[in-house]
Each structure stands twice: as C-alpha cells, then as structure tokens.
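Note that this is a predicted model, so its numbers are computed, not measured.
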Amino acid sequence: MGRDGDAPVLEPAILGLLAVDVGVLTVTINKAYQAQQASAKEQKRQEEEENLTRYDSPQPTPYPQGGWEFKIVRASFRSFRHRHVLQTVCEEEAQSGWILLEKLDDERLRFRRPVAFRANDRLVARDPYRSYYGPPAELVSLLSLLCLLGLLAFPAYWGFTFIQNLLDHIEVRSPQSAPTAPP
C-alpha cells in the first residue's frame, strides 16, 4: 500500500473476498452437517427395519404352505400421513393378499401375507412385491430440476430485458474528433 490511492480500492476488495470466503465456508459446513444428520437418520431406519419384531405365532396357520412373508412399502413426501392415501395403499395391497401389519412412520408401512397367496400373484395386475408408492424418485428429481431452472431463468430474463430497455433509451453520440493541430 505504497500510495494513498491504492488503499481505498484495495481494502473493500479484500473485505469482499473475505466475506464471500466466510459465506462459502459457512454453507459448506452446514451442508456437511446436514449430510451427516441424514446419514445417521438413514442408518437408524435401516437398523430399525432389520431388527423388526418377529410375528411368528405358535398356532398353526390355516394355509397349507404355512408361514408368512413380509414387506415394507416406502413413499416419499411423508405421503402416509394422509388417511386417504393410507387407505388407498392398503386396498391396493389387499388385492394381492397383503395385510397392513404396522405403520412405521409417515414414509413406511409394513405388510404381511400368507405364503400361500403367492399362487395368485399372476392374477393381479399390480406387482405384488412393489416396495415403493408414489411417483418415481427420478421423476421427482427431474421436476425439481425444471422448477429450479425456471426460478433461475425468470430473474435472468427480467434483468436482461430491463437492461436492454434501459440501454435503448440512452442516446448514444459518436465522439467528436479531436482538433488537428496545424502543421
């Protein structure tokens, strides 16, 4: 900072870079923390599903093949918190012989059915072993991406047209030629 003219320009630039750096660092730390929390939550859910209560009954089953099979149906967006969605899923699964055993949370349902019902699987239009309810995750991701692009494109287009209109109303003159010195 040798000259006095350099200091007022250089200090805001350095402060601006530091502010951006601190902002980026804060966002990075926050995202890492959120990822760790999501990973811990997912691990807890997996452990819960692996250690679910056994429902083996001492009484013989009324079905010739005996035994039960279990499955978990998942949904995104906590869809099972709505009674009508829960009822719809239970009715659809009942067509294949599945019985709601428990609602684990608003995203997971546990079903069971007698093993003997496997013989009727070809008669049902829906996949009897489906484990996901709702729109596919790829479709949700694609729609989210399109919405994000739309949200970014609108301000960019508005800013472009605003500047274009602003520049259209500015009168532009050609610079006057400098007077030539007589020889």
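- Take F162 and apply the ring pair (Phe, Tyr, Trp, His ring centres under 6.0 Å) test, not counting sequence neighbours, and it matches W158.
- Cluster note: L145 groups with L149 through ILVMFWY side-chain heavy atoms spaced under 4.5 Å, whether in direct contact or through intervening members.
- Using a 4.5 Å cut-off on side-chain heavy atoms (C-beta onward), Y133 and S76 make no contact.
- Hydrophobic cluster membership of V140, counting Ile, Leu, Val, Met, Phe, Trp and Tyr whose side-chain heavy atoms lie under 4.5 Å apart directly or via other members: F77.
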**Prompt:** Passes salt bridge (charged side-chain N to carboxylate O under 4.0 Å, His left out), R113 versus E69? Steps please.
**Reply:** CA-CA 6 Å; R113 77 172 181 173; E69 57 184 343; 2.6 Å; yes
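- Not a single side chain to side chain donor-acceptor pair (under 3.5 Å) links Y157 to another residue, sequence neighbours left out.
- Between L86 and L109 there is a side-chain heavy-atom pair separated by less than 4.5 Å.
- Every salt bridge (Lys or Arg N to Asp or Glu O under 4.0 Å) that D106 has, sequence neighbours left out, goes to R78, K103.
- Take E42 and apply the side-chain contact (heavy atoms from CB on, under 4.5 Å) test, not counting sequence neighbours, and it matches R45, Q46.
- Within the 4.5 Å cutoff, side-chain heavy atoms of F111 are placed close to those of L100.
- Applying the side chain to side chain donor-acceptor pair (under 3.5 Å) rule to pairs touching residues 91-100 yields K71-E93, Q87-E91, E92-R130, E93-R130, sequence neighbours excluded.
- Note that R108 lies outside the cation-pi zone of F80, set by a 6.0 Å cut-off to the ring centre and a 45° limit from the axis.
- In this view, T88 satisfies the side chain to side chain donor-acceptor pair (under 3.5 Å) rule with no residue, not counting sequence neighbours.
- The same ILVMFWY cluster, assembled from side-chain heavy atoms under 4.5 Å apart, contains both V85 and V73.
- Listed by chain and residue number, nothing satisfies the side-chain contact (heavy atoms from CB on, under 4.5 Å) test with P155 (two or more places apart in sequence, or in another chain).
- Residues near F160 contribute nothing to a hydrophobic cluster around it, because no ILVMFWY side-chain heavy atom sits closer than 4.5 Å to its side chain.
- When hydrophobic residues (I, L, V, M, F, W, Y) are linked wherever their side-chain heavy atoms come within less than 4.5 Å, the members clustered with L139 are L143.
- For Q34, the side-chain contact (heavy atoms from CB on, under 4.5 Å) partners two or more places apart in sequence, or in a different chain, are N30, K31.
- Under the 4.5 Å side-chain criterion, counting only non-hydrogen atoms from C-beta, Y129 is in contact with R118.
- How far CD of Q43 is from NZ of K41: 14.0 Å, rounded to the nearest 0.5 Å.
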TODO: Before giving the answer on salt bridge (charged side-chain N to carboxylate O under 4.0 Å, His left out), spell out for E107 and R74 the whole-Å C-alpha distance, their side-chain angles and the decisive distance to 0.1 Å.
DONE: CA-CA 5 Å; E107 295 176 352; R74 292 174 175 78; over 6 Å; no
